[in-house]
Amino acid sequence: MTVAPARWTVEERTRPSPGRLAADLRAGLASRPVTIPPKWFYDEKGSALFDAITHLPEYYPTRTEEAILRAHADELPQVQALVELGAGYSRKTRLLLEALTRGDRPLLFVPLDVAVEPLRDAAERITADFPTVTVHGVVADFDEELTPLPGTPGERLVAFLGSTIGNLTPGPRAAFLARLHRATAPGDWFLLGADLVKDTDRLVRAYDDAAGLTAEFNKNVLHVLARELDADLDADDFDHVAVYDTEHDRIEMRLRARRALSVPVRALGLVWELAEGEEVLTETSAKFRLEGLRQELAEAGFDVVETWTDTARDFSLTLARRRHQQRADGYVASHESQGEP
Ligand code: SAH
Ligand code: AVI
């Protein structure tokens, strides 16, 4: 009997552990407003809630990006590997996989995410449905170094879909792009989905839906804190708040305390005091302007090759290429600098 080699593996580089959450909460308690990084939404329940949000009538980004992908996937370069950052269930990615494996081309698919469950789910389904795809899942935090990036240098397409880049504020976003530059090689491609600035009411409705799913998603972080850090938190003590900040072009999701609270967080050995009405910042979701996006990419060493949008210009998909030598600011990554600096 011959046993076929497994066509999917999952490599664990990091795991979202209580120790990491404790460190993030400790840092977040010291800032004003108190801030909890959005990566902590995505336990098994949070990942499923986000998936449900993508089907809501108010949440236009997913279906709009999907339509753009459907229209333009065939224009993408043929590559040896597709790396997907913050992949989740990789549902829209199937359109990319179809285009990149046409004619039975072999492809390495590398979904990378902090959330383990959707990664395994996607790896199994994609292996079953795409016979020429080998899946190498990576459990990792894109807030940390991305090296080594699987695949053949110069022959990879790195996709970052869903406007997850918007969940990084400008400083961390530039740091992320610098990490991506370090992890990629000249000639690698970057496909970036980014939500665009639009009517404020539509934006707020997308983050405060009538069915209350986004509120549940937001409050899920309280359940994660309670479970992982032994915190006496009751989600009913908080209201979901979504506001649009026109100065910074971003949605802010917050949790507002309905009354003054003293919350023991046993894993941290402290009591978290919240005033009535105090708001905890759980996510920022930036909305972009195409020129600004192009500039951020150029400064990080990625040249925009194509930008596609839907006709209403609600959402954008940008294809960029890792520059061969220097970044726009003159920085040269050490592994590619030759001779004199
Ligand atoms: N790409 C999918 C899912 C977007 S949801 C889509 O477009 O619909 C955001 C995804 O990013 C989640 O799966 C979440 O677990 C992941 N994520 C959030 N912060 C992360 C981080 N710091 N490192 C790695 N993955 C992260
Ligand atoms: C994953 N990320 C891009 C989503 C967003 O729109 O910022 C997360 C989300 N938050 C509320 N709804 C969806």
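Note that the structure is a prediction, hence the values are computed from the model and not measured. Numbering of ligands and ligand atoms starts at 1, following listing order.
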Asks: Provide, line by line, the atom pairs where ligand 2 and the protein bring an N/O atom each to a distance under 3.5 Å; else say none.
Replies:
unit_1   : atom_1 : unit_2 : atom_2 : d
ligand 2 : 2 (N)  : N167   : OD1    : 2.9
ligand 2 : 6 (O)  : Y59    : OH     : 2.5
ligand 2 : 6 (O)  : Y207   : OH     : 2.5
ligand 2 : 7 (O)  : N167   : ND2    : 2.9
ligand 2 : 7 (O)  : S285   : OG     : 2.6
ligand 2 : 10 (N) : E283   : OE1    : 2.7
ligand 2 : 10 (N) : E283   : OE2    : 3.4

Asks: Between the side chains of D129 and R125, is the shortest nitrogen-to-carboxylate-oxygen separation below 4.0 Å, so that they form an ion pair?
Replies: no
Asks: Indicate yes or no: does R70 engage E66 in a salt bridge with an N to O separation below 4.0 Å.
Replies: yes
Asks: With salt bridge (Lys or Arg N to Asp or Glu O under 4.0 Å) as the test, would you mind laying out the steps for D195 and K287 before giving the verdict?
Replies: CA-CA 5 Å; D195 198 7; K287 306 302 158 193; 2.9 Å; yes
Asks: Can you tell me which residues line ligand 1 if we count any heavy atom under 4.0 angstrom from one of its atoms, in chain and number order?
Replies: K39, Y42, F50, E84, G86, A87, G88, K92, D113, V114, A115, A140, D141, F142, D143, L161, G162, T164
Asks: Do you know the tightest heavy-atom contact between Y60 and K198?
Replies: OH-NZ, 3.1 Å
Asks: Answer yes if the side chains of T184 and R322 hold a donor-acceptor pair under 3.5 Å, and no otherwise.
Replies: yes
Asks: Are L25 and V114 connected in a single hydrophobic cluster, I mean Ile/Leu/Val/Met/Phe/Trp/Tyr linked by side-chain heavy atoms less than 4.5 Å apart?
Replies: no
Asks: Taking E252 first and then R254, would you say they form a salt bridge - that is, a charged N and a carboxylate O separated by under 4.0 Å?
Replies: yes
Asks: Look only at the side chain of R173 and the backbone of I165, and say whether a donor-acceptor pair between them is shorter than 3.5 Å.
Replies: no
Asks: Check the orientation of F160 and F176. Use parallel for under 30°, tilted for 30 to 60°, and perpendicular for over 60°.
Replies: tilted
